[in-house]
Structures are given as structure tokens and as C-alpha cells.
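In what follows, a single structure is set out as C-alpha cells and then discussed.
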Amino acid sequence: MVIHTGTERVKRGMAEMQKGGVIMDVINAEQAKIAEAAGAVAVMALERVPSDIRAAGGVARMADPRIVEEVMEAVSIPVMAKARIGHIVEARVLEAMGVDYIDESEVLTPADEEFHLLKSDYTVPFVCGCRDLGEAARRIGEGASMLRTKGEPGTGNIVEAVRHIRKVNAQVRKVAHMTRDELMTEAKNLGAPFDVLLEINRLGHLPVVNFAAGGVATPADAALMMELGADGVFVGSGIFKSENPEQFARAIVEATTNYQDYNLIAKVSKGLGIPMKGIDISKLAPQDRMQDRGW
Amino acid sequence: MVRIGVLALQGAVREHIKAIEAVGAKAVSVKHKDELQDLDGLILPGGESTTMRKLIDRYDMMQALRIFASTGKPMFGTCAGLILLAKKLVDGEPHIGVMDIEVKRNSFGRQIDSFEALLDLKDIGSNFPAVFIRAPHIVNVGENVDVLGKYDGRIVLARDGQFLGCSFHPELTEDTRIMGYFVHMVKESKRSILA
């Protein structure tokens, strides 16, 4: 019998199964177990969460494979890991280790300032960040099987993620209603591959799942992103930089599932303690804006 | 027209709703236990089974799901849904625990081992495009269980009276034959309840 691994359907399908869920950043086995117990659909194994990457400065790279391995052994839910933009070997190493999804991430210091990975070449699926439909469509064109907003990672400030999800969805709605003869010019204006726009036009939505990321700090933030049309939520620094990670993690999961049940969100938000501190985006120096990485 | 619910706590809900509508039945998204009331059948979709189980408990739905099963109305579980239905799990305690099968989780490996294959299925047809994603499989079946499909010697589709369970994801393809089969089960069941 002929079987095929790493097909577009298998890679995109994996992300479809994560819909409505929360993916949490973790730095060790203990945190991974807390995330799984709270109901996370996957964990992202990292050396440092984004807010600590900001604080530490210097070059941020793929995590030590020992951390990734430790997390993979600790939980039965899928494990994701981050590779630097354009770093072919970091991505191949994570693939060889059997990681379930790779995030080609602007949170790490880019390895290539001109080219992203050719993600269609890999058996493992990839998720990439986007701020607008041009960027989203270029990543899909390179083979990304899942998208997320870039937001502004490690700030605990939702404003950039809101900007990005609104922008992408408004542009998708526009393309979905265009006539065939308008699409090529739109592709040129957006810097988007024509065939990806054709697919969006035919489907009426993005061909891959689009999660929210980059600044989710509270259950209400997670629910807001779902309200704005995200398929699910990544929470980076928000959980393990809060006062009470277990309770925070559970509350964010429940708020994501039932994002229109405001009584429930009120209930799970009660007495949660102090969320991560957060940063005003206008106070960030231009070189500290992670969302401007990637092209 | 029969009304089929899709448990909408997490996972591939939208795809199942589309497939139900494609075969001419009414699809209902189910987030609360009260919404199980007027359904003729229920689908437990693919997703993360550990997450779904936690949400079932947190929203106090477990008893309502078991009561639904006890009415004899058809239930169809795909992937994570298959795990939720099984009476026995190789590693761990069962969840809803109503279908007379034993299931092993993640039994084909991690995501890089996920695959597609064409399967010949009893009572459904040949060359069905089966998409396996970190899929479970059925290790053992009870004596009244009808095995409908195998891949590489492993049971991947089976029926136990009112219950239909599947390792792979028919909802990720355009092929609606398995959904058609399930909707037929729901219609038969509704007819016998009315009679």
C-alpha cells in the first residue's frame, strides 16, 4: 500500500486539530506538565520565554535539545519548538528530534535577513507569524501549515496582536469578495503569491488555521482574540510570568473555549493575582520590536 | 431532517459541520450539556483528547454524555473522539467509556509519522482517503463489534451497534461516504425510536 507522510493535508490537518485551544510556552518538564494539566492543546518548548529573551538581550537561538527532549518525554500532547528565521539546520535538527511543529519565529534572532525557510521541503509542519495578508500569503507560499499573528511578544500588551488579526481578517474578507480579474493587482499590491489569493478567494477564508500570539496576558485577552476571529491562542510569557501559573493557565483555556460566555470569564478571572507586568509598545526602541523581523 | 450535534469544546468542529451539511442533515454545535437535548446523533470530533476530557469535566458534561449514550442514539468518534468513546484505553482510565473496544493513543508515532493512505472499508467502499494525524488505533474489540477497516493489520474503523469509531479524519477530505454511513445510522435509529 502506498502511504504518504508530510503531505499538505497531514500538516495543515494537524493544526486544524488544535483549533479552539491554547498553546503554552514552557521552559522545562515541570511547566509542561502544568500546561497539560490545565488543558493546553500543545506546548512550545523554549529556553526562555519572550519577556526573558528581551531582558537577557544578545542572540536568541533554538533551545538546547535537552530541554526539548525533556518536554517531549514529560507530556503526551504535541510539542512545538522554535527555530530562527531562515536557519535551515536548526529546523532540520528539530525535525530529526521528532518535534511535532516548528515555529519559524521572530522571537529568536533571525539567521537570514533575506530568506525564510522553504517549509514545503520538510516533513514536519511549520507555524509562522504575520502582520498582514501579504506576509501571511508569502509564508503559506513557502509552505507554512499554520499562521499566528506576530503581535509584540514578551510585552503582555495585546494591542499589536489586535492590530494584526484585524488587518489580516479585513484583507481576507476583501480578497474573498473580489472578482477574478481584480486578484492579480491585489497580489501585486500585497506582495502575495497569486495562487494563494486564488485559494482564499475560492474558499472564502485562509487555507490554514490562524492563531493569535504576541501579548496575550489575561483570560479576557485570549477571549478578545477569539472574538476577533482567531482560531486559537498562543500564550508565551503570560502564564509562567504571572503570580499563579496553574490558575492562570486554566482560566485562559476556559476563556478561549467559551469566549462569548462573559459570566464564565468573570468567574475564572476572579482573584487570579497579578498578571505579567507588561510594556507600553511606544516605549520600545525600534531595534527591540520583534514584529519587524521577517520579510 | 435529522439533527446531528458536534461536541464543540475544541478541535475540528467546523469540518464536521460542513460534512454533515454536505450529506443533507442538520448540524448543531454543542458547547453546553443542555444542547444535547434535541439531537438525533452526536459526533465527537478530532482534537486533543486530554484537553477535551478536561473541558468535559469542567463544564460538567460527562454525565449528560453518558445519558445520551444510554438512550441508544448513535455516536461517532474520530481520532480524539474514538479515545473518548472507548471502554478501555491501553494507557490510562477510559473517558465516556461506552464503546466495546480497547484503544491505544498516538500509536503510529509523532506528527512526522502522520500519513495518508487509501483504504478499502467494509459497507462503505474502496479507496477511501484516510488522513492519520498522531492517530490512535483499536487494539481489541468486543464480540459484537463489527470491524469495518484496517490499516497495516491494525483496526482503524469499527462499529459497535449505535457507536461508530474511527482512527483517521474523514472530515479533512471531500469524501463524505463515512459521514453518509453515520447519517444513515442516525436515520435508522430515529425511525426505530418513533416506531
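Please read these numbers as outputs of a predicted model, since none were measured by experiment. All chains are named by letter (A, B, ...) in the order of the sequence lines, taking the proteins before the strands, and each is independently numbered beginning at 1. Just the heavy atoms: all of them, side chains too, but no hydrogens, waters or symmetry mates, feed the values below.
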Taking atom [atom1] of [X] as the centre, does the number of heavy atoms from other residues, nucleotides or ligands within less than 6.0 Å exceed 12?
X      : atom1 : value
B:K88  : NZ    : no
A:L198 : CG    : yes
A:R166 : CZ    : no

Do [X] and [Y] have side chains that get closer than 4.5 Å, going by heavy atoms?
X      : Y      : answer
A:E16  : B:L172 : yes
A:D261 : B:H32  : yes
B:F132 : A:I3   : no
A:T5   : B:Q111 : no

Quick check on [X] against chain A: is it the side chain, the backbone, both or neither that has a heavy atom closer than 4.5 Å?
X      : value
B:T50  : side chain
B:R53  : neither
B:D113 : backbone

Contact winner vs chain B - [options], heavy-atom pairs under 4.5 Å:
options                      : value
A:R12, A:E254, A:Q18         : A:E254
A:G20, A:S76, A:G6, A:A42    : A:S76
A:V41, A:V124, A:V99, A:T123 : A:V41
A:E36, A:K11, A:E95, A:M72   : A:M72
A:A37, A:A38, A:G232, A:P78  : A:P78

Quick check on [X] against chain B: is it the side chain, the backbone, both or neither that has a heavy atom closer than 4.5 Å?
X      : answer
A:V22  : neither
A:T256 : neither
A:A40  : backbone
A:R250 : both

If only atom types and distance count, is the side chain of B:Q10 paired as donor or acceptor with the main-chain N or O of A:M17 below 3.5 Å?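 Confirmed, B:Q10 side chain pairs with A:M17 backbone.
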Donor-acceptor under 3.5 Å (B:R110 side chain, A:D100 main chain):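 A pair under 3.5 Å: no.
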Rounded to the nearest 0.5 Å, what separates atom [atom1] in [X] from atom [atom2] in [Y]?
X      : Y      : atom1 : atom2 : result
A:T257 : B:L55  : OG1   : CG    : 4.5 Å
A:E8   : B:E116 : CD    : CD    : 9.5 Å
B:I112 : A:M14  : CD1   : CE    : 12.0 Å

Side-chain donor-acceptor pair present, B:T173, A:R9, cut-off under 3.5 Å: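 The answer is no; no qualifying pair exists.
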Between B:T51, B:V13, B:L9, which has the largest tally of heavy atom pairs under 4.5 Å with chain A?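 Among B:T51, B:V13, B:L9, the one with the most close pairs to chain A is B:T51.
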Test side-chain contact (heavy atoms from CB on, under 4.5 Å) applied to A:V10 and B:H169, step by step: CA-CA 10 Å; A:V10 162; B:H169 293 283; over 6 Å; no
Pair B:Y59-A:L264, side-chain contact (heavy atoms from CB on, under 4.5 Å): steps then yes or no: CA-CA 10 Å; B:Y59 302 136; A:L264 180 120; 3.9 Å; yes
Residues A:K19, B:E15: salt bridge by 4.0 Å N-O rule: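 Looking at A:K19 and B:E15, the cut-off is met.
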